[in-house]
Amino acid sequence: MTEYMGTAYTGRGIMHKYDELLEESRKTIFLKCLPTHALSQVLNDLAVYFVNKGHKVDRFMNPGYVDKTDAIFVKELSLFILQASHPISFEPTDIGGRHKVFCFYDVYHQEQLFDHQDEVDQLLKVGKVCFEKSMAALKEAKNIHDEWEAVNIQRMDWTRHEEMTEELKAEIFGTIELAKPSHTAHRIIGSLSAGSAHDFIPSITKRLKRRLLIKGLPGTGKSTMMRALGEEANRRGIDVLYGWCGLDPSSIDLVLFPELSIGLFDATKPHAYDAESPRDELVDIVPLCAEDEQLETQIEGIRQRYQKTITAAGNHMQVAMKSQNKVRVQLDRALNVELFEKKLQSLYALIKTID
């Protein structure tokens with residue numbers, strides 16, 4: 001089982017990479033529900049069920065509660081099961097065909113929902129205000145980070161950067177040419193969570209025989225290097241998985257070549273990692289950034305503004321997630337367990353026919 005982030009809170013809003021799974025999966029099951037933690041355990045149980053049956057499973061975690069599951073994808077069965085109401089709403093487009101919907105809106109004690117409606121409404125309002133403040137701070141942090149990158153771009157040795165990229169292409173791929181089309185997948189590997197950033201790089205890379213950890217300053221071409229290697233793999237028929245992180249969803253933070261059991265990833269903050277085993281190698285592009293005392297002074301001011309803004313985003317997100325968690329707990333207390341379990345039996349019966 002490999003864990004990814006299901007959605008991400010970014011400087012460009014709430015983002016996800018579910019599009020290709022919704023497009024490619026032979027069967028997608030949409031679980032429509034009120035905000036809940038109950039379906040997370042259901043998805044966890046299903047993930048374990050499929051793993052015990054010998055299947056490989058991708059598990060997509062909630063960015064606000066990184067121990068809660070939003071979706072699973074069973075690779076061999078091409079089966080995608082997701083909570084389709086929160087934090088983003090997804091609607092089926094092929095009902096009666098590839099898409100199946102299970103609705104859990106009707107598995108509650110209505111009188112209990114009514115009794116706590118005012119409390120839930122107030123919590124939702126607080127959560128919404130704090131969430132919007134967090135997203136606004138993230139947008140500002142992204143703009144400040146862009147300033148940081150612009151300063152470093154002008155002092156980079158881009159000729160040597162291109163040479164290093166070409167050397168990596170030759171060293172990683174050699175003469176490999178596969179007689180098949182390359183398949184490209186996209187996953188979110190991390191996001192701002194409640195109070196801080198969180199990533200799943202250890203889970204994603206744990207089975208790789210070789211990990212290349214890229215060290216570089218903002219704007220010095222880490223994403224550019226990984227994109228170039230991914231494009232070279234595509235040209236050679238080698239499958240590629242791109243990983244994206246929260247602040248800038250257009251920036252690549254990881255690239256894997258599963259058939260070669262090789263992966264490269266940005267190992268600098270906010271997801272800082274060091275070589276920790278014989279399979280790890282450092283790709284250090286920090287020395288390609290020329291030292292300049294005047295620019296360093298400019299960057300220090302940018303760095304301080306960035307740190308203050310990203311900290312504010314994390315603090316607002318923490319309050320928002322606490323409010324949302326209280327809503328989920330309150331709504332889960334109103335679950336009619338008998339009706340909930342009855343609906344689950346129908347879900348399990350469908351899954352057994354697919355398996």
Side-chain angles (χ1 to χ4, degrees), residues 1-18 21 31 33 35-48 51 57-73 80-88 90 123 127 130-131 133-135 137-138 141 186-207 241-249 251 253-254 256 263 265-273 310-329 331-332:
M1 193 184 314
T2 304
E3 294 177 336
Y4 301 94
M5 201 69 83
T7 52
Y9 303 132
T10 82
R12 295 185 180 179
I14 305 176
M15 306 294 290
H16 66 87
K17 297 293 181 182
Y18 286 155
L21 291 175
L31 307 179
C33 55
T36 180
H37 288 315
L39 288 177
S40 172
Q41 187 58 53
V42 172
L43 290 166
N44 287 341
D45 292 344
L46 287 172
V48 171
V51 168
V57 175
D58 287 348
R59 186 164 66 138
F60 299 90
M61 313 307 290
N62 187 291
Y65 319 96
V66 296
D67 61 337
K68 304 298 183 184
T69 305
D70 278 348
I72 63 172
F73 176 63
F80 187 36
I81 309 173
L82 77 159
Q83 295 196 52
S85 298
H86 305 278
I88 299 178
F90 297 93
L123 287 168
C130 292
F131 182 77
K133 287 181 178 179
S134 179
M135 297 305 291
L138 272 177
H186 302 85
R187 297 287 189 270
I188 296 174
I189 65 174
S191 172
L192 178 70
S193 185
S196 63
H198 188 93
D199 69 78
F200 289 103
I201 289 175
S203 175
I204 298 165
T205 63
K206 62 188 175 185
R207 296 181 187 85
L241 185 146
Y242 289 113
W244 314 76
C245 248
L247 184 65
D248 185 356
S251 177
D253 290 275
L254 173 146
L256 297 188
F265 60 92
D266 180 350
T268 50
K269 290 183 178 180
H271 32 76
Y273 291 92
I310 201 71
T311 298
N315 291 340
H316 288 309
M317 185 62 72
Q318 187 169 27
V319 176
M321 292 302 108
K322 283 183 178 179
S323 293
Q324 290 186 21
N325 182 64
K326 289 178 181 177
V327 170
R328 290 175 179 238
V329 170
L331 294 177
D332 284 348

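Each residue takes its place number in the sequence, starting with 1.
- Between Met321 and Phe131 there is a side-chain heavy-atom pair separated by less than 4.5 Å.
- Summarising the geometry, atom CD belonging to Gln41 is positioned 10.0 Å from atom CG belonging to Leu46; distances are rounded to the nearest 0.5 Å.
- Using the six-membered ring where Trp is involved, His16 and Tyr18 have ring planes that are tilted, between 30° and 60° apart.
- In summary, the side chains of Asp199 and Tyr273 do present a donor paired with an acceptor at a separation below 3.5 Å, with no hydrogens or angles considered.
- Interatomic distance, Leu192 CG to Thr10 OG1, rounded to the nearest 0.5 Å: 10.0 Å.
- The shortest side-chain heavy-atom distance between Ile188 and Cys245 does not fall under the 4.5 Å cut-off.
- Using a 4.5 Å cut-off on side-chain heavy atoms (C-beta onward), Ile72 and Phe60 make no contact.
- Asp253 CG to Asp266 CG: the interatomic distance, rounded to the nearest 0.5 Å, is 5.5 Å.
- With a 4.5 Å cut-off on side-chain heavy atoms, Tyr4 and Asp70 do not count as touching.
- The structure places CG of Leu21 at 9.5 Å from CG of Leu82, a figure rounded to the nearest 0.5 Å.
- When all heavy atoms are compared, the tightest approach of Pro249 to Leu247 is CD-O, 3.7 Å.
- Across every non-hydrogen atom of Ala272 and Lys269, the tightest pair is CB-N, 3.9 Å.
- Of the inter-residue distances, the one linking Met5 atom CE with Ser193 atom OG reads 6.0 Å to the nearest 0.5 angstrom.
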Review item, side-chain donor-acceptor pairs of residues 313-320, under 3.5 Å, at least two apart:
{"unit_1": "Asn315", "atom_1": "ND2", "unit_2": "Thr311", "atom_2": "O", "d": "3.4"}

- Task: Just do the side-chain contact (heavy atoms from CB on, under 4.5 Å) check on Asp67 and Asn62 with the steps written out, would you?
- Result: CA-CA 7 Å; Asp67 61 337; Asn62 187 291; over 6 Å; no
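- At least one side-chain heavy atom of Arg207 sits under 4.5 Å from a side-chain heavy atom of Thr2.
- In this structure, Ser40 has no side chain to side chain donor-acceptor pair (under 3.5 Å) partners at least two apart in sequence or on a different chain.
- Listed here is the closest heavy atom pair of Gly64 and Tyr9: N-CE1, 4.1 Å.
- At a threshold of 4.5 Å between non-hydrogen side-chain atoms, the residues Met61 and Arg59 count as touching.
- In this structure Asn325 satisfies the side-chain contact (heavy atoms from CB on, under 4.5 Å) test together with His37, Tyr65, Val329, sequence neighbours excluded.
- Using cut-offs of 30° and 60° for the angle between ring planes, the His186 and Tyr242 rings count as parallel.
- Counting only distance, with no hydrogens or angles, the side chain of Ser134 and the backbone of Cys130 share no donor-acceptor pair below 3.5 Å.
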- Start with the C-alpha gap between Trp244 and Lys17, add the side-chain angles, then the distance that decides, and say whether side-chain contact (heavy atoms from CB on, under 4.5 Å) holds. CA-CA 9 Å; Trp244 314 76; Lys17 297 293 181 182; 3.6 Å; yes
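- You'll find the side chain of Gln83 reaches within 4.5 Å of the side chain of Thr36, heavy atoms only.
- Considering CG of Leu138 and NZ of Lys133, their distance stands at 14.5 Å, rounded to 0.5 Å.
- Inter-residue side-chain proximity for Val42 and Leu39 is flagged as met; some heavy-atom pair is nearer than 4.5 Å.
- Between Leu331 and Pro35, the shortest heavy-atom contact is CD1-O, 3.6 Å.
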- Walk me through it: do Ile204 and Glu3 pass the test side-chain contact (heavy atoms from CB on, under 4.5 Å)? CA-CA 7 Å; Ile204 298 165; Glu3 294 177 336; over 6 Å; no
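- In terms of heavy atoms, Leu256 sits closest to Gly263 at CD2-CA, 3.4 Å.
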